[in-house]
Amino acid sequence: MTSHAAAHSPRLHVACIMDGNGRWAKRRGLPRTAGHTAGEEALAAVVRAAAQRNVGWLTVFGFSTENWVRPPSEIRHILGLHRKLFGRIDELNANNVRVNWIGRPFDEPGARTPSSVQKAIVQAIDDTKHNTGMVLTVAFDYGSRAEIARAARRASAASIPAITAELYDSALPPVDVLIRTSGESRISNFLLWQSARARVYFTDCSWPDFGATQLDEALALVASPTA
Ligand code: IPE
Ligand code: IPE
Ligand code: MG
């Protein structure tokens, strides 16, 4: 029975706070936008690597509700990269990855996802909906406290299951490993409810340099048999 259970290792939920694009670029004498471009490439590689490992859910912080204060030119560049990411349909399908999104619902007062990104999100979700492998959830215009406050308002009872059922995506399982790159040890309002029992992996590696090696280091945190 024990060996049987071990043969079916659970599919993990890995969450990433992808930080350090700007500093990565600055160190190279490049504009911050070049760091974001490199960061999008790194994400595509991490998606491929995660899909080949024991990762059932990969949730990434693409853009926070706080990030709208950045310079318009930088925001415009980041929006373009999200359209690029959501446009990688052949690659996502080749890896059997299903796209998902969390953030302030488009029709909610205060929500800021521009319609071009809304369209890209809706299209990517539709184009990958039959995939049965890893679920890639992109958090865009996302803030965790707003998510929890909304869930609490909508919940049928003040209980943990009732609030969980009203999160932006109630199907997201608890986070097993939370990764933050670039030497910052902050959670920055990401998946606070879902990460209640997560292992946390902080690394000095900048997001554009993050790859399969670092992913494996993070996954090793949950490979140990001790709880
Ligand atoms: C993460 O990199 C990307 C986003 C927050 C959109 P940063 O842009 O925060 O990079 P640093 O922290 O300034 O280096
Ligand atoms: C967190 O990174 C948000 C994303 C990765 C999208 P920030 O660089 O915005 O975080 P803080 O505000 O410095 O903690
Ligand atoms: Mg940052």
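Just so you know, these numbers come straight off a predicted model, no measurement behind them. Note that ligands are numbered from 1 as they come in the structure, with each ligand's atoms numbered from 1 the same way.
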Other residues, nucleotides, ligands: >12 heavy atoms within 6.0 Å of K84 NZ |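 Yes, the 6.0 Å shell around NZ holds more than 12 heavy atoms from other groups.
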
R145 CZ: over 12 foreign heavy atoms closer than 6.0 Å =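 Not more than 12 within 6.0 Å, no.
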
How long is the gap from CH2 on W57 to CG on L172, to the nearest 0.5 Å?
->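 Interatomic distance, W57 CH2 to L172 CG, rounded to 0.5 Å: 9.0 Å.
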
Could you state the interatomic distance from CG (L12) to CZ (R199), rounded to the nearest 0.5 Å?
->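 The CG atom of L12 sits 9.5 Å away from the CZ atom of R199.
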
Closer than 2.8 Å to the Mg ion (ligand 3) - protein N, O or S atoms, ordered by chain and residue number |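 Near the Mg ion (ligand 3), the protein supplies D19 OD1.
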
Using heavy atoms and a cut-off under 4.0 Å, could you grab the residues that are in contact with ligand 1, chain by chain, numbers ascending?
->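 M18, D19, G20, N21, G22, R23, R32, H36, G62, N67, R70, I78.
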
Exercise: do N131 and T128 side chains pair donor with acceptor under 3.5 Å =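 No, no side-chain donor-acceptor contact under 3.5 Å.
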
Do D127 and N93 get their side chains close enough for a donor-acceptor pair, meaning under 3.5 Å?
->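 The answer is no; no qualifying pair exists.
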
Using the test side chain to side chain contact (heavy atoms under 4.5 Å, CB included), find all partners of A157 that sit at least two apart in sequence or belong to another chain.
->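 Expected list: S159, A162.
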
Under the salt bridge (Lys or Arg N to Asp or Glu O under 4.0 Å) test, residues paired with D19 that sit two or more places apart |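 D19 satisfies salt bridge (Lys or Arg N to Asp or Glu O under 4.0 Å) with R23, R180 once adjacent residues are dropped.
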
When W101 is tested against each of F86, F106, Y142, F63 for ring-ring contact (aromatic ring centres under 6.0 Å, His included), which residue passes?
->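 Filter result, single survivor: F106.
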
